[in-house]
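Report on the structure given below.
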Amino acid sequence: MITNTELEFKGNQYPSKIVSIKHEGDSVYFHTDGSVILKLTVLRDSMLRFRYTTKGYFSNDFSYAIDKSQLHGYNFLEITETELYYQVKTSKVLCRIFKLDLRISIFDLNENVILEDELGFHWEESYEYGGNIVKMSKSSKDGECFYGLGDKATQMNLKGKRVENFATDQYAFGKDQEPLYKVVPFYVGLQNKQAYGIFFDNTFRTYFDFCHERRNVTSFWAEGGEMNYYFIYGPNMHDVVTTYTDLTGKPELPPLWALGYHQCKWSYYPESNVKEVAAKFRELQIPCDAIYLDIDYMEGFRCFTWNKEYFPDPKRMVSELAADGFKTIVIIDPGIKIDKEYSVYKEALEKDFFCKRADGPYMKGKVWPGECNFPDYTNPVVREWWAGLFQELISDIGVKGVWNDMNEPAVMEVPNKTFPMDVRHDYDGNPCSHRKAHNIYGMQMARATYHGVKRFSYPKRPFVITRSAYSGTQRYTSSWTGDNVATWEHLWIANIQVQRMCISGMGFTGSDIGGFAEQPSGELYARWIQLGVFHPFCRTHSSGDHGNQEPWAFDEEVIDITRKFVNLRYQLLPYLYTMFWQYIEEGIPMLKPLVYFDQEDTQTHYRNDEFIFGNQILVCPILEPNSLGRRMYIPRGQWYNYWTNELISGGKEIWVDTKFDQIPIFVKAGAVIPKYPVQQYVGELEFDELILDLYYKEGKEKSFVYEDAQDGYDYKKGRFSLLSFQTNGKEKDLIIQLHQEGKYSTNYSKYKINLFGLPFKIKEIEIDNEKISFDSKAFEKLNYLIVDKGFSELHIIGK
Ligand code: GLC
């Protein structure tokens, strides 16, 4: 293991001079006079791939991260040569490859440096394992900032940090603790207001050092495999993140209920307890869509079995819960109990599906059920078998979602908390040891689970959640941030982790609300739910051994706050669904750290707490006890305080007063925010009006509302409804233009438009150039209009 300095190491080897180049299609091969070859591939004008070998030839090119369906293509490619370097030019960037030592410099078309090798590619031979420890170092200028890398529990800007990527079951992890559950070797650099991205697609244990070891050097390295990375040019962070997300893939839409509130605990059992919890939500009128069964529902923790004493008739229970709007989600871990009487174990043994040690015995390790063997999910035949195992749970019993846990993979009572490194994996026909497969094991388990749940849920959409993940896992599943703790510091961590996951391509994420380990105070729980309802995935979970964590475990005030904020989430479902649609369509992160929202404003570069929910709502959690407000940065532009409707100009730090039942929330001026009525679960109510909260702005702003059948796949055949509202405010005039797309006809017939901040009194209203009757007295009291949904232009004319 490399723990100390990777640089200045005597055993480092470096490429020598380039002796020839070969251009083949979208790739250029640079041959050196040693055995080093660099293969540079132009995937898009703004995306270059760099692959190095030290063997004189390349091994099979295989990646679990890359989405094979993504489109490539460039507009322009020109290769030229000077005395010092070769230059590869696209319509966006210039890349120079220096003849003397194979170092790289990348420039924009005005020859401003974007990224430059320091030592560049170098390596150290590994006598023990064969192959190399592969290393890369880049020069970094003062003021450069770094973002991304998945679930790191540290400040948003990674400048000055060193991080390690090795999927790990990190119970009750702390701030800055490394490594954690997920591995996303992707970062965004921001230098001179220009953003670029690096995706180091290497599944071995990797490290990234952001000017930690040396002030002006950024480096990354892996304990094996290839130096294989993608460079993505911005210059906007938005372009970097959406291109990365496109490269590693986007999910399908989840069923809308999955964006509702979920309740979990380790564990709800027996059946009467599950029913009691569900009933209490309805009694207290706190919306809830999903309830989870943790490991105790199984017979001795054997996956795909039920404890018949606790759950005598799961099918009946699941359908009774469903009748009340609850979807049942069950946990499935990778460890299969060694038990000759257990059918799943017997079948996997017969078919030789378990992972083996180097010398032949099956990999054996302790997890909840005791001694287990572990399926090799890197084998496509095993994944297919695993998918098939979900038939009974999904088709017969009616379970709606599956929760994959312990898939780092976690092993108990061993120092490294996981498999020994000699364990063998198929790796989809590229046999390897656990050193290479470790970081993708959880991803491949979740992938197999997703295919199974999808197969048996069809024509409905599947729901899967995983703890471990590698880049690209977002194609199959949502995720949560693992075993956090009920402390204020963890509330801070959760806020950063979810934002970070969003800009790392894996946005459908949330934290265990209230904290998994230990018991939150009512105040902490309230502050956490106030943040959690703005996370793409929203679930309370707790280890259950410290007391209860349902809303009613706290006092009336906290129950009311929980209801108020969960209600708000349910009202905002069409807004949330629209941002999910923008994520699956264009890879746009659902939450945007302030730096993503406005990278030109250097004030945003070190902000951690504030974020943009979707495109138009600014949220800032309260992260300290006894707070009656907080200081926060309001990004540039005009914003309405959600609670007071007061309009303020951003670009400054301000103090915001809040009560215990509020956190700072601001709405961008000009926005049209769609809302549904509060429902106790998705689909509970039929309603005839879509609520549109319109916040006046002088000038233009565009807002979208995406809707469809809320489940199923018809949306892929064009059966969706996309509304785009263009508002244009003038001194005495507001025009709202509506453009509609798609073949889905929504059930409601009207819009109820709530108007905020209108600076004039209304004289008259025209719809599609026709004056409509309008009761100005009533309007002045209520501030809303009700109009038929089919309009193209609504014109509000002032006095
Ligand atoms: C792990 C999970 C946690 C779960 C527990 C029991 O600690 O992270 O969410 O409740 O195992 O299954």
Side-chain angles (χ1 to χ4, degrees), residues 151 153 167-174 177 179-182 262-269 273-274 277 290-307 310-311 328-337 365-370 372 374 393 399 401-414 417-418 441-442 445-446 449 463-469 473 477-486 490 493-494 497-498 501 509-520 528 532 535 537-550:
D151 62 349
T168 303
D169 175 8
Q170 205 64 273
Y171 173 78
F173 59 92
Q177 186 160 351
L180 296 179
Y181 301 88
K182 299 180 185 66
H262 300 215
Q263 182 68 38
C264 187
K265 178 184 152 173
W266 177 15
S267 301
Y268 292 127
Y269 70 91
N273 179 229
V274 180
V277 172
I291 190 150
Y292 284 63
L293 302 181
D294 204 329
I295 48 176
D296 298 285
Y297 80 92
M298 302 178 208
E299 179 60 46
F301 309 121
R302 290 170 188 80
C303 292
F304 305 102
T305 67
W306 288 80
N307 178 318
Y310 298 150
F311 297 98
T328 306
I329 295 170
V330 300
I331 197 166
I332 290 286
D333 289 349
I336 299 298
K337 187 177 175 68
K366 273 199 189 147
V367 216
W368 308 119
C372 287
F374 299 83
L393 276 173
V399 161
V402 174
W403 170 22
N404 281 167
D405 186 25
M406 306 295 273
N407 53 355
E408 290 71 26
V411 177
M412 292 167 174
E413 297 169 25
V414 291
K417 302 192 206 180
T418 191
Y441 185 85
M445 179 199 187
T449 301
F463 174 74
V464 177
I465 177 163
T466 182
R467 192 171 70 176
S468 188
T473 305
T477 168
S478 65
S479 71
W480 90 105
T481 57
D483 294 343
N484 59 1
V485 189
H490 261 276
I493 293 174
Q497 283 186 304
V498 177
M501 288 292 283
T509 299
S511 69
D512 283 351
I513 295 175
F516 177 73
E518 297 176 23
Q519 180 71 9
W528 211 312
H535 284 166
F537 177 67
C538 178
R539 178 184 79 165
T540 294
H541 182 38
S542 69
S543 62
D545 50 1
H546 306 273
N548 291 333
Q549 210 155 297
E550 297 78 40

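One-based numbering, in listed order, for ligands and for the atoms of each. Because only heavy atoms are used, hydrogens play no part in the values below, and waters and symmetry mates are left out as well, while side chains stay in.
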ask   = Any idea which atoms of ligand 1 are less than 4.0 Å away from a heavy-atom of I331?
value = 12 (O)

query = Going by the order shown, which atoms of ligand 1 are within less than 4.0 Å of some heavy atom of W403?
reply = 9 (O), 10 (O)

query = Should D294 be counted as touching ligand 1, given the test is an N or O pair under 3.5 Å?
reply = yes

ask   = When rounded to the nearest 0.5 angstrom, what distance separates CG in N484 from CD in Q170?
value = 13.0 Å

ask   = Nearest to atom 8 (O) of ligand 1, what protein heavy atom do you find, and at what distance?
value = D483 OD1, 2.5 Å

Of the listed options D405, D512, N484, closest to atom 2 (C) of ligand 1 (non-hydrogen atoms) = D405

message = Is a donor from one side chain sitting under 3.5 angstrom from an acceptor on the other, for W528 and S511?
response = yes

query = Quick one: CZ on F311 to CG on D296, what's the gap to the nearest 0.5 Å?
reply = 8.5 Å

ask   = Atom CG in D512, atom OG1 in T540: separation rounded to 0.5 Å?
value = 8.5 Å

Distance in Å, I332 CD1 paired with N404 CG, rounded so as to fall on 0.5 Å steps = 8.0 Å

query = Is any side-chain heavy atom of M406 less than 4.5 Å from a side-chain heavy atom of D169?
reply = yes

task = Consider every N or O of R467 and every N or O of ligand 1, then say whether any pair is closer than 3.5 Å.
result = yes

key: Distance filter under 4.0 Å to W480 heavy atoms, resulting ligand 1 atoms   = 8 (O), 9 (O)

query = Atoms of ligand 1 less than 4.0 Å from W368 heavy atoms?
reply = 6 (C), 11 (O), 12 (O)

key: Y171, portion touching ligand 1 at heavy-atom distance under 4.0 Å   = neither

ask   = Would you say ligand 1 has an N or O under 3.5 Å from any N or O of H541?
value = yes

message = Checking contacts here: is it the side chain or the backbone of D333 that comes within 4.0 Å of ligand 1, counting heavy atoms only? Could be both or neither.
response = neither

request  = Using the six-membered ring wherever Trp is involved, compare the ring planes of H541 and W403 and label them parallel, tilted or perpendicular (cut-offs 30° and 60°).
outcome  = perpendicular

query = With backbone taken as N, CA, C and O and side chain as the heavy atoms from C-beta onward, which portion of Y292 lies under 4.0 Å from ligand 1: side chain, backbone, both, or neither?
reply = neither

query = Hey, does E299 have a side-chain heavy atom less than 4.5 Å from the side chain of K337?
reply = no

